[in-house]
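Here is the structure we will look at.
The structure displayed is predicted, hence computed values, not measured ones.
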Amino acid sequence: MAAERTAPLRLGSIAPNFQADTTTGPIDFHEFIGDKWTILFSHPEDYTPVCTTELGEMARLEPEFKKRGVQLIGLSANTLGSHEGWIKDINDVTGSLVGFPIIADKERKVAYLYDMIDYQDTTNVDEKGIAFTIRSVFFIDPKKVIRTILSYPASTGRNSAEILRIIDSLQTGDKHTVTTPINWVPGDDVIVHPSIKGEEATRRFPDLRAVKPYLRFTTLPKDA
């Protein structure tokens with residue numbers, strides 16, 4: 001019998017805590033987060049083609065995440081022994097060494113806690129009939145608040161550039177009280193947050209350009 005579905009996590013929810021074994025040792029998730037941005041991302045199973053390409057790419061980009069003060073932690077519905085063998089394959093296939101922890105979640109305890117289970121494809125199950133995890137990505141800030149959630153079906157690999165872009169957007173918004181328009185990347189103009197009005201807006205953003213009263217662009221300093 002399938003486990004009861006957990007209450008959905010929403011943007012603004014506190015990331016649920018848990019204890020788990022990982023490829024770098026046992027963790028308490030809240031202690032692991034500490035005061036850093038954290039990206040938790042799940043995989044359906046070890047030794048699968050799409051997952052292998054994803055983990056290799058995330059390992060390659062780990063220095064870029066570290067520059068932004070972001071730590072990575074993966075999850076797959078297999079044992080530690082399976083993870084350790086898979087990491088060797090990932091290194092062999094992609095040339096990237098996975099240094100961040102991967103959670104061993106054979107019983108799907110964390111997957112159920114974070115509602116990572118596939119309810120769309122009822123055939124996406126293991127040999128025991130337990131649903132596999134989907135490709136979820138949770139962006140968690142230093143206050144342990146979930147800021148963004150992405151979900152992909154098992155058949156679709158993630159876009160690593162978009163994961164970096166979202167981190168850049170969230171951190172830029174927090175630092176400067178701005179929002180980012182469609183297709184924004186660092187260096188592009190940003191939108192002044194609606195909560196900043198009148199003289200305060202022009203004082204904080206001298207080059208503010210109001211296209212409409214509700215749409216005001218500005219350019220951030222290059223070192224921002």
Side-chain angles (χ1 to χ4, degrees), residues 6-17 29-42 54 57-75 100 113-116 134-153 156-224:
T6 59
L9 295 175
R10 304 183 187 281
L11 303 189
S13 297
I14 297 296
N17 195 27
F29 190 50
H30 279 189
E31 290 181 2
F32 174 82
I33 294 172
D35 60 356
K36 293 183 178 179
W37 283 85
T38 301
I39 292 179
L40 167 64
F41 57 103
S42 62
E54 288 185 321
E57 178 65 2
M58 293 298 278
R60 185 185 72 82
L61 289 174
E62 188 175 15
E64 288 298 319
F65 287 102
K66 286 184 175 179
K67 284 180 187 177
R68 295 158 169 82
V70 179
Q71 56 187 354
L72 304 174
I73 181 165
L75 175 148
F100 51 80
L113 183 64
Y114 275 75
D115 197 22
M116 299 174 177
I134 55 176
R135 302 182 194 285
S136 297
V137 188
F138 292 85
F139 297 71
I140 302 167
D141 72 17
K143 295 181 179 179
K144 302 175 179 63
V145 174
I146 296 173
R147 299 291 296 276
T148 302
I149 303 172
L150 302 176
S151 293
Y152 298 76
T156 303
R158 283 163 275 221
N159 185 320
S160 58
E162 176 65 358
I163 294 172
L164 276 171
R165 193 187 79 89
I166 290 171
I167 279 290
D168 286 335
S169 173
L170 292 171
Q171 293 183 340
T172 298
D174 286 357
K175 183 177 180 180
H176 297 285
T177 320
V178 296
T179 60
T180 56
I182 187 169
N183 297 330
W184 176 89
V185 293
D188 288 354
D189 285 354
V190 296
I191 298 171
V192 177
H193 195 277
S195 65
I196 303 178
K197 303 183 184 298
E199 293 182 0
E200 182 187 1
T202 54
R203 176 178 58 81
R204 292 183 60 175
F205 305 104
D207 67 343
L208 182 151
R209 302 181 307 284
V211 178
K212 294 287 184 181
Y214 58 83
L215 179 57
R216 300 165 300 165
F217 288 99
T218 191
T219 302
L220 294 176
K222 290 184 178 180
D223 60 353

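- Side-chain atoms of Trp184 and Thr179, non-hydrogen and from C-beta on, never get closer than 4.5 Å to each other.
- Side chain of Glu54 to main chain of Arg158: a donor-acceptor pair is present (N/O by atom type, distance under 3.5 Å, no hydrogens or angles).
- Here the CG-CD distance, from Asp141 to Gln171, works out to 10.0 Å after rounding to the nearest 0.5 Å.
- Pro181 and Ile191 make their closest contact through CB-CD1, 3.8 Å (heavy atoms, listed as atom of the first residue, atom of the second, distance).
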Test side chain to side chain contact (heavy atoms under 4.5 Å, CB included) on Ile166 and Val137; report intermediate values, then the result. CA-CA 11 Å; Ile166 290 171; Val137 188; over 6 Å; no

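- Put simply, the side chain of Thr177 reaches to within 4.5 Å of the side chain of Arg204, judged on heavy atoms.
- A distance of 9.5 Å separates OG in Ser136 from CG in Leu75, rounded to the nearest 0.5 Å.
- Taking 4.5 Å as the limit, some side-chain heavy atom of Leu72 sits within range of a side-chain heavy atom of Glu62.
- Taking OG1 from Thr202 and NZ from Lys197, the interatomic distance works out to 13.5 Å, rounded to the nearest 0.5 Å.
- Closest of all the heavy-atom pairs between Ile149 and Leu11 is N-CD2, 3.7 Å.
- The residue from Phe65, Phe41, Phe32 that alone fulfils the ring-ring contact (aromatic ring centres under 6.0 Å, His included) condition with Phe100 is Phe41.
- Using a 4.5 Å heavy-atom cutoff, the side chains of Arg68 and Leu164 are in contact.
- Between the side chain of Thr172 and the backbone N or O of Ser169, no donor-acceptor pair lies under 3.5 Å.
- How far CD1 of Ile73 is from CZ of Phe138: 13.0 Å, rounded to the nearest 0.5 Å.
- At least one donor-acceptor pair under 3.5 Å links the side chain of Tyr114 to the backbone N or O of Pro16.
- Here the CD1-CH2 distance, from Ile167 to Trp37, works out to 5.5 Å after rounding to the nearest 0.5 Å.
- The side-chain heavy atoms of Ile39 and Val70, taken from C-beta on, include a pair separated by under 4.5 Å.
- A donor-acceptor contact shorter than 3.5 Å is absent between the side chain of Asp35 and the backbone of Pro142.
- Here the closest non-hydrogen pair linking Arg209 and Thr219 is NH1-OG1, 3.8 Å.
- The closest side-chain heavy-atom distance from Leu220 to His176 is below 4.5 Å.
- Defined by atom type and a distance below 3.5 Å, a donor-acceptor pair is missing between the side-chain atoms of Arg60 and Ser160.
- In terms of heavy atoms, Ala15 sits closest to His30 at O-NE2, 2.6 Å.
- Distance check: Phe29 CZ to Leu113 CG gives 10.0 Å after rounding to the nearest 0.5 Å.
- At a threshold of 4.0 Å, the pair Asp174-Arg147 counts as salt-bridged, since one of the basic side-chain nitrogens sits closer than that to a carboxylate oxygen.
- Minimum interatomic distance between Arg216 and Pro194 (heavy atoms only, all atoms of both residues): NH2-CA, 3.8 Å.
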